[in-house]
Amino acid sequence: MVKDTLVFMQNQGLSLPLLLDAIFYGDSGCHSDPTVQYQRTALMVSDELPGILDRWYTPPPRGDGHKGGRPRGARRILDTFAEKVVKHRVDHEMKSMASLFISPPNELSEKQLTGVHFDKLIDECQLGAPTMWNIFRHAAYTPRQDAHNTHKNPNMVVLSMISQCQYTRSHRRGRIAKLWAIYLKACGTSARAFDAIHTLGLTMSHKWTSNAYRTLSKHAMDALRQRIHEAPYIISHDNVNIPLRVFSQREHHQSHFMSGCAGTIWVLPGIAPLSSGSNRLLQEHRANMSNEPFPFAEVLKGSPEVDQRMREQNIHLILSVLMNSPEFEGYTHRDDPILQRPPPVHQLPYGKEHIVEQYILETAPIEEASYDGNDKIVEEWFRQLGLDSPDEKIRTGLDRVLVWIGDQMTVDRLRGLWRYRFEDDNSFDRMDYMIPTFGWFHLVMAFAVSLHRQYLGTSAAVGKLKQAFDMLNRKGLLTPGSKGPFWNDLDEALRHISEGHFRTCWLTITGTGDLGELKEKPPQELREFASCILDEYASRAAIVKLQMSLPPGKQDLIKEQHIMWNSDILPYLNLTDAMKHGDVGRMEDLLPTLMFRFAGGKNPKYTIETLELWQQLHREWPEEVRNFVREHCWLINRSGEPDGFLAIDLGQEQNIKDIKVTYRSFGPGATFKYLHDISPAIPILRTIQRHMEDEFKTLTRGAKHRTVSKEEDVKTLTQQYLANKLYVTEAGRKPKPSDDKIEDVITTGADNLERNDIIANWWKARCFPRSTTEIW
C-alpha cells in the first residue's frame, strides 16, 4: 500500500517532501482545507510522531543483508533545528526568569542581600525555566550519578550557571553576583582572585564591591541616625592601633602605627527607655546626694542576705565541679532540684525581643588616651550621630541621659572631663548628660591579673600558679600582659587549676579514691559534702578555724594558703558565671569583694572605679537611672540565649578585632580613610556571612576553635595535690624560704579602706559643687 501510494504520487508529479511541505502550511490552499487539516492534526497528536522523529534522527540498520553503514537520516538537519528551538526556548525562559535576578544599582541593603534564599530560587527556576534547568542538570549530572548519589545533588551548581548567564546578559541581573561579592570580600578574598572570579560571572568586580562597602556603611549610618530618635541607646568606645607597613621607605612614607578610636552605639530594646524627665531628675539627685560619701561601715559590715546568697552560689559552683567531671556522666539524679542553679538575684530577661542592636561608628583618626583626645572623640561621635546642631545640643544637655562605657582608662578620662567642666555655662558643656561607666570585661581581666600576682609563687611550690603552669606546659603566663591571648590563656588556666583543687577537696572530705564512687550518693548528701568543703576548705572562716585548732608556732601555713586560694577563686568563678547568665544582682553582690581585692591588691584605679560605682548606686543615681544602668549598661545579649550575655566592653573589643583584623583590607588601599569609610558596614557583613553560611549549611565550620579536652591536665593537678596532702592538716607545715608568702589581699584591702586615706582622697578629688547655669 505504501509503495502503491508513492507510485501514485510520482505519477501525479508529487514527491514526499513536496507533499509534506504542502500539508504543513507550505501551500496556502491547504491551510484551511478540512481534509488536509484533519490529516495534519492527526499526525501532530499521534503517538507515532515521536517514533518517526527518533527514526529520522537515528535510522535503524539496513535489513535483508544489505551492505553498507547505517542510513544517514536527518541528523544534521534535526541538530540544526533542535539548536534553533532550544535557543528560542532559552531566550524565552531567560526573559521570564529575569525578575528573579534583577537587582537595581540603587538597591543595596542588608534586607535585600539577605532576602536571597537559594532553595526558594531553585524551586522558582525549576518551575520557570524547565528547559534550561533540565539541560544544565543533565550536563552536570549523569543518570548514573543521579541513581547512586543520595546525599548530593547539583541544584546549586545549576542555579549558579543560570545566575552567571543572567548576569552576563545584563549587569542589572546581578542579585546573586552581588551577594557573592559582598560575602567573599567579607571572607578576605584578595583583589586579584576577586577579579578572576568576576571574569567568570560569579561575582561583581572588586571595585564595585569596595564601593558597595561604602554604600552599606552610608545606609547603616543613615539607619543609626534614625534609630537613636526611636529607641534608647548607650555608647562605648576604645582605642584602635593598626600597624601600617611600607616596603619602599621615603621621608613622607614610613611604617607607623595608625592610632584612632572605634565607637559603637548599642540600641536597646524598646522596653528600656528612660522617662522624659530623667535628665533633670538625675541632676537634682546628684546635687542633693553628692554632698557626702556612702557609709563605708555598712559595706564592711555586709548583709546577711547577701552572704547567704553568695553561700548558695558557692555551694553550687563546688557541686558543679563534681557534676561536670567525667566520673559523674550519667548520674541518675542530675535533674534533682537540689543540684540546680540557685535562683538569680536580679536576672536580665532574654529572648529574641531582648536582643540588642549594634551600630559601629566610622572609625575616627583621634587617639583617646588623653583628655584632649576624649574631648575630641565625644565631639566626633555627636557629629556622626547628627547631634551636633545647637538645637540637638540643648536637647542632649537638658533632656538626654547618655551612659558611656569603656575600659578603666577611657572612663577615667571621661570622668575627668566631667569634673573639669563643672563650672561651664550649660548642661551640655558641663557634660551633665553623661554617665561614664566602666566595662565589666576589663574589670574581670584586672581580677584575673590580681589573682595571678597574688598566687604566682615559684616552680617548687606545689599548688601555686607557677608550678601548675610549668607542670602543664602553659607558656607565656609568667608575666601579666594586655595583648595577645594572655587573658584567655590565664582565664582557662585559673579554671583548670581551681577544678584540680576542688576535686582534691571532694576526694579528701569524702575519703574516697575516685569521684566515681560518689555516684551512688543521693543529691542531698552530695550537697552536704559541698557545704562542708566550703566551710572547711574554701572560706576565711575555715582559715580562722584551722588557726585556732593548732597551737602557736605549729600552724599549717600550706593548708591555709590553699584554703585562701579556694576562697579567692570562688568570687572570680561566681562573677564570670553571673555575667554569662545575666544575673546583674549577683554582680552587684560581689562589688564589696571586688572593692577589697583591688584596694588590697595594689590596683588603685579599679579601687576608685568600684568606689565610684558604689557611691552612684547607693547615693547619687535616682532609682530610675540606677535600674537603667544595672539592667542595660553592664551586659548585653546579641543572641537571645539564656547564656548569651556578655559585657559591653567585650562586645566593643570584638568590634575592634573585626575592624583591625577580620574585615580589614591589606595592601596600598588599607588607609585609615578606608577603615573610616567601611567600619559601619561591619555588622551588615557579619549578618551576610551568617546568612550565607546558613544557606550552605556551613554555619558552624570555623565559627569557634575546637576546645582540647582539659581532663588530662585536671587529673594531673588533682593527683599531685592529693600526693602532697594539700588539704590534710599537718602541724608546723610552712612554705620554703624561697617561696613568697601569700598576702591576704581581701583582709588587707578592707583594712586599707577603713584605716588609710583611700576613701578620703577619693572623696576629696570629687567633692565640689557643680554649676547649674543654662547659658546657651
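For the single chain, residues carry numbers from 1 onward in sequence order.
Between Ser498 and the options Leu573, Leu317, Asn566, Leu570, a side-chain contact (heavy atoms from CB on, under 4.5 Å) holds for only Leu573. Glu312 pairs in a salt bridge (charged side-chain N to carboxylate O under 4.0 Å, His left out) with only one of the listed residues (Arg527, Arg341, Arg586), which is Arg527.
Atoms CH2 and NE2, from Trp621 and His285 in turn, are 11.5 Å apart once rounded to the nearest 0.5 Å. Taking CE from Met445 and CG from Leu650, the interatomic distance works out to 9.5 Å, rounded to the nearest 0.5 Å. To the nearest 0.5 Å, atom CZ of residue Arg286 and atom OG1 of residue Thr772 are 14.0 Å apart.
In this structure, Phe447 and Phe598 have perpendicular ring planes: the angle between them is above 60°, well past the 30° mark.
Side-chain polar atoms of Asp491 and Tyr572 form a donor-acceptor pair below 3.5 angstrom. Counted by atom type alone, Arg686 and Asn655 present one or more donor-acceptor pairs between their side chains at under 3.5 Å. Side-chain atoms of Glu620 and Gln615 form a donor-acceptor pair, as typed in the model, at a separation below 3.5 Å. With hydrogens and angles left out, the side-chain atoms of Arg311 and Ser531 include a donor and acceptor closer than 3.5 Å. For the residue pair Gln454 and Trp565, no side-chain donor N or O sits within less than 3.5 Å of a side-chain acceptor on the partner. A side-chain donor-acceptor contact under 3.5 Å links Asp429 and Asn426. With hydrogens and angles left out, the side-chain atoms of Asp649 and His442 include a donor and acceptor closer than 3.5 Å. Under 3.5 Å, the side chains of Ser639 and Glu641 contain no donor-acceptor pair of N or O atoms. Of the N and O atoms on the side chains of Gln283 and Ser427, not one donor lies less than 3.5 Å from an acceptor on the other residue. At a cut-off of 3.5 Å, with distance as the only test, no side-chain donor of Asp425 or Thr773 sits close to an acceptor on the other residue. Checking Glu368 against Thr410 by side-chain atom types alone, a donor-acceptor pair falls below 3.5 Å. Remark: the Thr748 side chain and the Asp751 side chain contain no N/O donor-acceptor pair separated by less than 3.5 Å.
Put simply, the side chain of Glu612 reaches to within 4.5 Å of the side chain of Arg766, judged on heavy atoms. Contact check for Leu402 versus Phe382: side-chain heavy atoms found under the 4.5 Å cut-off. Side-chain contact between Thr264 and His237 is absent, with no heavy atoms from C-beta onward closer than 4.5 Å. Looking only at side-chain heavy atoms (C-beta outward), Asp412 and Met409 stay at 4.5 Å or farther from each other. Contact check for Val299 versus Pro592: side-chain heavy atoms found under the 4.5 Å cut-off. Contact annotation: the side chain of Gln384 never approaches that of Leu224 to less than 4.5 Å [non-hydrogen atoms, C-beta and beyond]. The shortest side-chain heavy-atom distance between Phe502 and Ile569 falls under the 4.5 Å cut-off. In this structure, Pro480 and Val449 have side chains that are in contact, with non-hydrogen atoms separated by less than 4.5 Å.
Aromatic pair Phe628/His632: centroids less than 6.0 angstrom apart. A distance below 6.0 Å separates the ring centres of Trp440 and Phe438. Side-chain rings of Phe422 and Phe768 approach one another, their centers coming within less than 6.0 Å.
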message: Between Asp568 and Tyr455, is the side-chain hydrogen bond (donor to acceptor under 3.5 Å, both in side chains) condition met? List the steps.
response: CA-CA 10 Å; Asp568 286 343; Tyr455 290 102; 2.6 Å; yes
message: Test salt bridge (charged side-chain N to carboxylate O under 4.0 Å, His left out) on Lys393 and Asp388; report intermediate values, then the result.
response: CA-CA 6 Å; Lys393 287 181 179 180; Asp388 57 339; over 6 Å; no
message: Checking Glu230 against Arg225 for the salt bridge (charged side-chain N to carboxylate O under 4.0 Å, His left out) test, could you report, in this order, the C-alpha distance in whole Å, the side-chain angles of both residues, the deciding distance, and whether it holds?
response: CA-CA 9 Å; Glu230 299 172 343; Arg225 293 184 188 104; over 6 Å; no
- request: Given salt bridge (charged side-chain N to carboxylate O under 4.0 Å, His left out), test Arg770 with Glu423 step by step and report yes or no.
  value: CA-CA 6 Å; Arg770 294 179 66 82; Glu423 289 185 321; over 6 Å; no
field: Stepwise side-chain contact (heavy atoms from CB on, under 4.5 Å) check, Glu653 with Phe441
entry: CA-CA 10 Å; Glu653 292 290 344; Phe441 169 65; 4.2 Å; yes
Full working for side-chain hydrogen bond (donor to acceptor under 3.5 Å, both in side chains) between Asn761 and Asp757: CA-CA 6 Å; Asn761 292 335; Asp757 295 330; 5.1 Å; no
From CA spacing to verdict: salt bridge (charged side-chain N to carboxylate O under 4.0 Å, His left out), Asp432, Arg421: CA-CA 9 Å; Asp432 287 342; Arg421 293 181 164 190; over 6 Å; no
message: His346 vs Glu631, test: side-chain hydrogen bond (donor to acceptor under 3.5 Å, both in side chains). Steps then yes/no.
response: CA-CA 9 Å; His346 188 146; Glu631 295 174 1; 3.1 Å; yes
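Salt-bridge formation is detected for the pair Arg383/Glu380: a Lys NZ or Arg NE/NH1/NH2 atom is positioned less than 4.0 Å from an Asp or Glu carboxylate oxygen. Between Asp375 and Arg413 there is no salt bridge, since no side-chain N of the basic residue sits under 4.0 Å from a carboxylate O of the acidic one. Using a 4.0 Å cut-off between charged side-chain N and carboxylate O, Asp222 and Lys218 make a salt bridge.
Within the cation-pi definition used here (under 6.0 Å to the ring centroid, within 45° of the axis), Arg638 does not qualify as a partner of Trp266. Cation-pi geometry between Arg400 and Tyr433 is not met at under 6.0 angstrom from the ring centre and within 45 degrees of the axis.
Counting heavy atoms of neighbouring residues, nucleotides and ligands inside a 6.0 Å radius, atom CD of Glu623 does not exceed 12 of them.
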